[in-house]
Amino acid sequence: MITLPARLAVFISGGGSNLQALIDASKRGELAARIVWVVSSSSSAYGLERAAMEGIETFVFEPKAYPTRELAEQDLLTRLSERHIDFIALAGYLKMVPNTVVRAYRGRMVNIHPALLPRYGGKGMYGHFVHEAVIASGDMESGPTVHLVDEVYDNGRILEQARVPVYPCDTVDTLAARVLAEEHKLYPRVLDNLIRGRYDKQTD
Ligand code: GRF
């Protein structure tokens with residue numbers, strides 16, 4: 001049984017605009033969670049500064065800094081459990097989450113992807129590559145997908161998507177900005193629904 005507000009960890013690798021959207025939604029009372037921990041794969045991610053400005057504890061997780069992969073995974077799991085983390089939101093996290101963590105958080109870990117899955121997903125489909133692929137396909141719409149995380153990239157059950165038009169004059173930058181604006185609305189809403197148990201319990 002999880003008591004609300006849930007304790008949320010957000011994993012990032014870069015700018016952290018989605019992290020900011022989650023922080024803001026939580027402050028407005030639109031997300032039944034408190035962001036208590038931010039984990040970054042990179043020590044130079046701007047999202048770490050956003051977290052620090054909000055007084056949120058941060059951690060840079062670098063598996064290579066540990067003697068073995070197993071010890072790195074174990075340390076991450078221990079830190080999650082010490083902080084009683086209920087849910088994990090991946091927000092631009094560019095590394096694979098260790099399988100042990102995926103298993104421990106099955107149904108309680110989500111990711112946001114900047115295109116409509118399942119079509120534009122999988123290894124290598126991140127950042128500008130995703131929007132390039134959408135433009136090259138001639139598709140007339142795109143939009144973010146929020147999905148549960150399983151052991152395979154961009155593969156878990158889709159919870160919700162939002163749609164935006166793709167215009168003939170779009171560049172990667174104009175399309176990315178249109179999708180990102182939707183991400184900031186979609187992600188807090190879907191997380192709130194998940195935390196409140198509004199999706200059925202099937203996890204994949
Ligand atoms: C977003 O486009 C998200 O969909 C993808 O990575 C990007 C992260 O952006 N997974 P930000 O760091 O939240 O600004």
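Note: hydrogens, waters and symmetry copies are ignored here, and every other heavy atom, side chains too, is used. Model, not experiment: these values are computed from the prediction. Counting starts at 1 for both ligands and their atoms, following the listed order.
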Asks: Find out whether the Lys NZ or Arg CZ of Arg7 is both under 6.0 angstrom from the six-membered ring centre of Phe87 and within 45° of the ring's axis.
Replies: no
Asks: Do Ile195 and Leu4 have side chains that get closer than 4.5 Å, going by heavy atoms?
Replies: yes
Asks: With respect to atom 5 (C) of ligand 1, which of Thr145, Ile112, Leu94 exhibits the smallest heavy-atom separation?
Replies: Ile112
Asks: What's the shortest distance from atom 12 (O) of ligand 1 to any protein heavy atom, and which residue and atom give it?
Replies: Gly16 N, 2.7 Å
Asks: Please write down residue, atom name and distance for the protein heavy atom closest to atom 1 (C) of ligand 1.
Replies: Glu183 OE1, 3.1 Å
Asks: List the closest protein heavy-atom neighbour of atom 8 (C) of ligand 1: residue, atom name, distance to the nearest 0.1 Å.
Replies: Gly92 CA, 3.6 Å
Asks: Short list, please: which atoms of ligand 1 are under 4.0 Å from a heavy atom of Gly15?
Replies: 12 (O)
Asks: Give the atoms of ligand 1, by number and element, whose distance to some non-hydrogen atom of Ser17 is under 4.0 Å.
Replies: 11 (P), 12 (O), 13 (O), 14 (O)
Asks: Do you know the tightest heavy-atom contact between Asn155 and His147?
Replies: N-CE1, 4.2 Å
Asks: Is any side-chain heavy atom of Ile88 closer than 4.5 Å to one of Val101?
Replies: yes
Asks: Kindly compute the distance separating CG (Leu80) from CH2 (Trp37), expressed to the nearest 0.5 Å.
Replies: 5.0 Å
Asks: Using a plain distance cutoff, I'd like to know if Asn18 has any nitrogen or oxygen under 3.5 Å from a nitrogen or oxygen of ligand 1.
Replies: yes
Asks: With a sphere of 6.0 Å drawn around CZ of Arg178, does it hold more than 12 non-hydrogen atoms of other residues, nucleotides or ligands?
Replies: yes
